Number of protein chains: 2
Amino acid sequence: MISKALERRDKLREALIEAAERRIAAGGLVSLKTRDLARDISIANGAVYNLVEDVDELILRVGSRTLARLDAALTTAEGDGLASPRETLVRIAVAYCDFAAENLELWRALFEHRMAPGKPVPEWAIDEQMNLFRHIYHPLATLFPERSQGELGVTARSLFSAVHGMVLLGLEQKLIAVPVGALREEIAAIVRAMVDGLVEKAG
Amino acid sequence: MISKALERRDKLREALIEAAERRIAAGGLVSLKTRDLARDISIANGAVYNLVEDVDELILRVGSRTLARLDAALTTAEGDGLASPRETLVRIAVAYCDFAAENLELWRALFEHRMAPGKPVPEWAIDEQMNLFRHIYHPLATLFPERSQGELGVTARSLFSAVHGMVLLGLEQKLIAVPVGALREEIAAIVRAMVDGLVEKAG
């Protein structure tokens, strides 16, 4: 009996997270209302909080699914591992751009979500985010074998932030919107330039 | 009499924009309520709309003041114009970082503000934003005299977006917060690498 109840709860919880994912994908984080979600999966409003601790947890669980798909997309972009580290970095930057363009609201939600005041982001969520940096870290470690882990971490973060900025402003409807095809080329050119400049300095 | 009334209206309008600037600086765009602003400058709630067309215009006017101060900060960073184009680009990137750190909410408001649906950003506001790109465009034109205006524009946009991303994620309280001193160094290193890589490719 108890295991049946737990099983049912797990299924409902999964359905809740999927409903939240659909709502965010369609209308962004601002459109997320627990009342809608309760109706989506046919439970009482208050019952949502039997399934997740709060809306922060719900959004983080959706983020976890987004990050898992991003991880898979970056792994596919890396291909057979035969590309040079420079070209691997270009490929994952372009794949990041494509992922953002194809999952615009879910990708935005990763960055727009703020925890309730005073509440830290849980360890598991930080670990998942940090884990994705390996896609940048590994090719950099091959390019710069003499650098420490800490130095490589800083460079990985800088490269990621720079590409993120190009994707963010490039996909904006506002200041400097760019067609995705042109944006991919710009990102590839800038990543190549950054890597070449870093190699030149190190060499 | 008419000119007195117009003068009074201009003064109130100025006071309204300054009140909005203080509110945004203190609590971000989400904290902006016309009711508070009307109280701040002792006018009736509805009278706000005799001074500006709508909240969008009010936010754009505050943005205009922020952009003017950013423009001045970048001009100061360029100094006497004797630095190399490469170092000029580094200086303005670091100055952009400093400005964002010192004017966090006003700077964020420049990028977070969205016009009401279907309403375009007015020409004057776009012109003001585009005008700031000259700080990046001019050193790039010196570095790459063979490139067309269009090509230089693309590179300027890419460089700006990359630096913007580093500042944005670096100043976040979330994923990868960095002390401003370290952030400035990272930005300088990455801008140098990008410029060196672009020069190498062009040469």
Side-chain angles (χ1 to χ4, degrees), chain A residues 28 30 63 86 93 110-115 117 120-121 125-126 128-130 132-133 150-151 153-178 182-183 185-203, chain B residues 28 30 63 86 93 110-115 117 120-121 125-126 128-130 132-133 150-151 153-178 182-183 185-203:
Chain A
V30 290
R86 176 179 184 261
L110 291 175
F111 294 90
E112 285 174 6
H113 172 236
R114 297 280 172 284
M115 299 293 289
V121 179
I126 294 175
E128 282 183 357
Q129 293 165 356
M130 286 304 145
L132 278 177
F133 272 91
E151 289 169 326
V154 168
T155 308
R157 185 174 64 192
S158 297
L159 275 181
F160 169 68
S161 303
V163 171
H164 178 76
M166 294 183 68
V167 174
L168 185 74
L169 297 188
L171 296 181
E172 273 289 342
Q173 299 304 307
K174 202 183 165 190
L175 185 55
I176 42 177
V178 187
L183 182 59
E185 281 176 38
E186 288 176 36
I187 288 172
I190 289 292
V191 171
R192 285 196 187 100
M194 281 194 283
V195 170
D196 290 346
L198 290 170
V199 167
E200 191 186 347
K201 190 186 157 217
Chain B
V30 289
R86 177 178 184 260
L110 291 176
F111 294 90
E112 285 174 5
H113 171 235
R114 297 279 173 285
M115 300 293 288
V121 179
I126 294 175
E128 281 182 358
Q129 292 165 358
M130 287 304 144
L132 279 177
F133 272 91
E151 289 169 326
V154 168
T155 308
R157 185 174 64 191
S158 296
L159 274 181
F160 168 69
S161 302
V163 170
H164 177 76
M166 295 183 67
V167 173
L168 185 73
L169 297 188
L171 296 180
E172 273 288 342
Q173 298 307 305
K174 202 184 165 190
L175 186 55
I176 42 178
V178 187
L183 182 60
E185 281 175 38
E186 288 175 35
I187 288 172
I190 288 291
V191 171
R192 284 195 188 102
M194 281 195 282
V195 171
D196 290 346
L198 290 170
V199 168
E200 193 186 344
K201 190 186 156 217

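Lettering of chains follows the sequences in order, A, B, ..., and the numbering in each one begins at 1. Given the structure is predicted, the values throughout are model-derived calculations rather than measurements. Basis for what follows: all heavy atoms, side chains included, without hydrogens, waters or symmetry-related copies.
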Check: For the atom pair CZ (B:R157) and CE (A:M166), what is the distance rounded to the nearest 0.5 Å?
Finding: 8.5 Å
Checklist line | B:E186 versus A:S158, closest heavy-atom pair with distance | finding: OE1-OG, 3.1 Å
Notebook entry, point to check: Is it the backbone or the side chain of A:V163 that comes under 4.5 Å from a heavy atom of chain B, or both, or neither?
Noted result: neither
Notebook entry, point to check: Less than 4.5 Å apart, any side-chain heavy atom of A:E200 and any of B:E200?
Noted result: yes
Checklist line | From B:I190, B:L169, B:V167, residue fulfilling side chain to side chain contact (heavy atoms under 4.5 Å, CB included) relative to A:S161 | finding: B:L169
Checklist line | B:E128 CD: over 12 foreign heavy atoms closer than 6.0 Å | finding: yes
Check: Is it the side chain or the backbone of A:L198 that comes within 4.5 Å of chain B heavy atoms, both, or neither?
Finding: both
